[in-house]
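A, B, ... follow the sequence lines: proteins, then strands. Residue 1 opens every chain.
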Amino acid sequence: MDKVMDKVMGNVRLQGVTKTYPNGTLAVHPTSIDIADGELIVLVGPSGCGKSTLLRMVAGLEEITGGTVTIGGRAVNDLDPAERDIAMVFQNYALYPHMTVYKNMAYGLKNRGKPKAEIDEKVRAAAEMLNLTDYLDRKPSQLSGGQRQRVAMGRAIVREPALFLFDEPLSNLDAKLRNQMRVEIRALQRRIGVTSIYVTHDQVEAMTMADRIVVLNGGRIEQIGTPAEIYRQPASTFVASFMGAPPMNLVPADYSGNGSVRVCGTELPLGRSADYRGAVSLGVRPEDVDLATGAGDGPALPFDLHLVEELGAHRLLHGKVHAHPFVVNVHNATALSEGRMYLRVAPGNLHMFAPDSGRRI
Amino acid sequence: MADMTDTRAIPTAATPRRRRLRWGAIADHAVLIAGAFVMMAPLLMLLQMSTVPDAEILKSGPSLRIGDQFGPNLEKAMFGSMSFSGENTGLSMFRNSLILGLGFALGKIVISMMAAYAIVYFRLRFATLAFWLIFTTLLLPLEVRILPSYEVTQKLGLLNSYGGLIIPLIASATATFFFRQYFMSVPEELVEAARIDGAGPVKFFIDILVPLSKTMIAAIFIIMFVYGWNQYLWPTMIVTDEGKMTLVQGIRQITQGLEGNHIPEFGRSNLLAILAVLPPVLVVIFFQSWFVKGLTESDK
Ligand SMILES: Nc1ncnc2c1ncn2[C@@H]1O[C@H](COP(=O)(O)OP(=O)(O)O)[C@@H](O)[C@H]1O
Ligand SMILES: [Mg+2]
């Protein structure tokens, strides 16, 4: 099974890639990303942030306005999609409705003039890998959503490309199947070790699948990093609130450079110092707090509980800290009390952002 | 004993509803059969009359008797000719009609599919303009432009030829319009997947678009074949050579057969009339089943 793919070097480099649509929309600002061979990169961001545009420029389906795309050391700006050594999985699968599963998978190889025996071997190997062997003679309309998704994967795999491209491949599936396919795609990608760019607007998909995440916003890169880096060290308020559900709490605060940050009269020790003075946005992840029913000793933020949301293992407490909305995520065994409670936050769990630019301090 | 009554109770409870349904079905069928009979009766009468000697029809009109003259009448209709040259037999007219109908339908499908393909998939500068130009030809049916069309055909030396019968009518705004609408509903992702799979414009058209459009092709084929088969005015203009006449043109000869001073040839005329109706009916019947199958199975 490991022999299904003779691996091609697939390091990908985007250098100052931009896109302006003919109607003047600047969809992608100059963007540079270096992708190592075998890495799975997830492009994540809200709808309309330019993820698909960026992906489609790599695929060759959209003209590149500026910059260079290099795949396996070869500049591909002027190459047709078929010549770029890529394979793509689309949101709506884009299977050929009149062809059987077998023919769907074989079509690209056939167009490349591969001998019949070789095509047959590759299609059968891919079908085996994807549990599609029993369905090779079916038409796409006779398959379930998950199976169609697998056929789309199979069509990509048999091509043995240097680079896989995925554009929101799971968003047409129901939640359960989505979780299952997510794991399958990830496992498959690991096994065959093909460099992949995966586009999604779902931060859970991004966190669970990526080697590295690229967070996009308004056609610009907000941050590139491993899922842990993105989550623990968000580079901006945008990343902080986009990645993680519920999002990071942000409350206005003051930093005067004395090693602590002041939130409406409460001084919280910061444990570090920063080259910054003045108003900040203080970020705290909902699960990064210790909740106490009494004031106790030391600095704590007063928390007025309004609503409890039961999630099973956890509870989300919606309330306010000094009139600012604040959400706390606690284990369901945590003791609660009516009205006011107190929050303590370890210094390492306090994030500071500049209020105007949103950049991390 | 207890479960016996149980099993009986269920059907009796269900019976009233079922019976009412059945009455409805009978009424529906009665209406359909009556309608079908009204439509079929003239054809059946023609068939009956072609089996008895012409003299008997002259005497007693249509009857329920099936005679033994069908064979001779058929032979007269297919191989005999009533014209001067003797070239327009039933068989030759049938062949000419078939060539006109098929050439007309297939030609229109090929031309209009390619036109729609160009309009929808290629970034032509004046694609929209071209489309609307084609579309406005709907306002100029053959009858309006018949003289200039005739002149052009004549100057091209296409009079009395199959080319002259078919080619001047082959452009079709209707078919182009339908194919354009259909192509625009084919998902963009399919085109992109094909591009990544290395299918160029011609491959994409032949491997993907044509098979996808088969229901549309079947529908247009039905319409256009019947339309072409039934052409009367244009063949009458273009064809003077009797060997190139179509069945629908030949209908004149059919009636001529009835106007003779001897006994009118009912049998042969009736068979020619049936021959003129049959192929369009068969095409509709054959392609309709295909059409429905395609519609229910495909999903884009
Ligand atoms: N063909 C196009 N012409 C003009 N603008 C476009 C086109 N496609 C996308 N856009 C615009 O470019 C931006 C990015 O789009 P897209 O890459 O599809 O976003 P995403 O995939 O992240 O949702 C959006 O503002 C969108 O409206
Ligand atoms: Mg998109």
Side-chain angles (χ1 to χ4, degrees), chain A residues 22 52 55-56 58-63 76 79-100 103-114 119 138-143 145 148 151-152 154-156 158-159 161 163-169 172, chain B residues 109 113 116-117 120-129 178-179 181-221 287 289-300:
Chain A
S52 297
L55 191 77
R56 292 162 54 80
V58 176
L61 297 170
E62 208 69 74
E63 219 167 291
V76 296
L79 295 183
D80 270 347
E83 297 166 347
R84 292 193 180 192
D85 208 6
I86 52 147
M88 186 154 168
V89 177
F90 295 87
Q91 177 174 351
N92 299 315
Y93 323 127
L95 301 177
Y96 311 120
H98 58 293
M99 295 188 192
T100 60
K103 286 193 175 147
N104 261 287
M105 292 208 257
Y107 188 61
L109 295 177
K110 203 180 118 210
N111 285 342
R112 247 149 265 255
K114 290 269 167 24
I119 296 179
R138 293 221 194 155
K139 297 266 179 72
S141 57
Q142 297 161 316
L143 300 177
R148 286 182 209 187
V151 177
R155 188 167 64 177
V158 295
R159 295 267 310 281
L163 175 64
F164 273 166
L165 303 173
F166 300 86
D167 195 353
E168 313 217 4
N172 280 5
Chain B
I109 286 170
M113 269 189 100
Y117 184 49
V120 175
Y121 286 98
F122 295 87
R123 283 189 205 133
L124 305 175
R125 269 183 80 186
F126 301 111
T128 322
L129 180 70
F178 279 119
F179 279 118
Q181 298 308 99
Y182 182 75
F183 290 168
M184 294 203 312
S185 76
V186 171
E188 187 71 17
E189 288 190 343
L190 215 53
V191 186
E192 295 176 344
R195 275 183 73 190
I196 291 177
D197 268 344
V202 176
K203 264 216 170 100
F204 176 71
F205 185 66
I206 292 171
D207 287 353
I208 315 266
L209 215 47
V210 170
L212 274 185
S213 316
K214 64 181 183 210
T215 57
M216 199 68 196
I217 292 174
I220 299 217
F221 183 82
F287 271 95
S289 61
W290 219 69
F291 186 59
V292 172
K293 194 174 126 218
L295 275 186
T296 47
E297 266 190 5
S298 84
D299 65 337
K300 276 173 286 164

For [X] and [Y], work out which heavy atoms get closest and say how close.
X      : Y      : result
A:A94  : B:A193 : O-CB, 3.8 Å
B:L190 : A:P97  : CD2-CD, 4.1 Å
B:E189 : A:Q91  : OE2-N, 3.7 Å
B:I196 : A:R159 : O-NH1, 3.3 Å
A:H98  : B:P211 : CD2-CB, 3.3 Å

Does a sphere of radius 6.0 Å around CD in A:E63 hold more than 12 heavy atoms from other residues, nucleotides or ligands, not counting ones at 6.0 Å or beyond?
->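 Open: at most 12 neighbouring heavy atoms sit under 6.0 Å from CD of A:E63.
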Give a yes or no on this: more than 12 heavy atoms of other residues, nucleotides or ligands lie within 6.0 Å of atom CZ of B:F178.
->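 12 or below, so no.
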Atom CG in B:L212, atom CE in A:M99: separation rounded to 0.5 Å?
->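 These two atoms lie 8.5 Å from each other.
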CZ on A:R56 to CD on B:E192, rounded to 0.5 Å |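 Rounded to the nearest 0.5 Å, the CD-CZ separation comes to 4.0 Å.
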Tabulate, in ascending numerical order, the residues of residues 201-209 of chain B having at least one heavy atom closer than 4.5 Å to a heavy atom of chain A, or enter 'none'.
->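 Residues of residues 201-209 of chain B touching chain A at under 4.5 Å: B:K203, B:D207, B:I208.
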Taking only residues two or more places apart in sequence, or in another chain, which ones meet A:D167 in a salt bridge (Lys or Arg N to Asp or Glu O under 4.0 Å)?
->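 By the salt bridge (Lys or Arg N to Asp or Glu O under 4.0 Å) rule, A:D167 matches no residue at all.
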At a heavy-atom separation under 4.5 Å, does A:L95 approach chain B through its side chain, its backbone, both, or neither?
->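 Backbone only.
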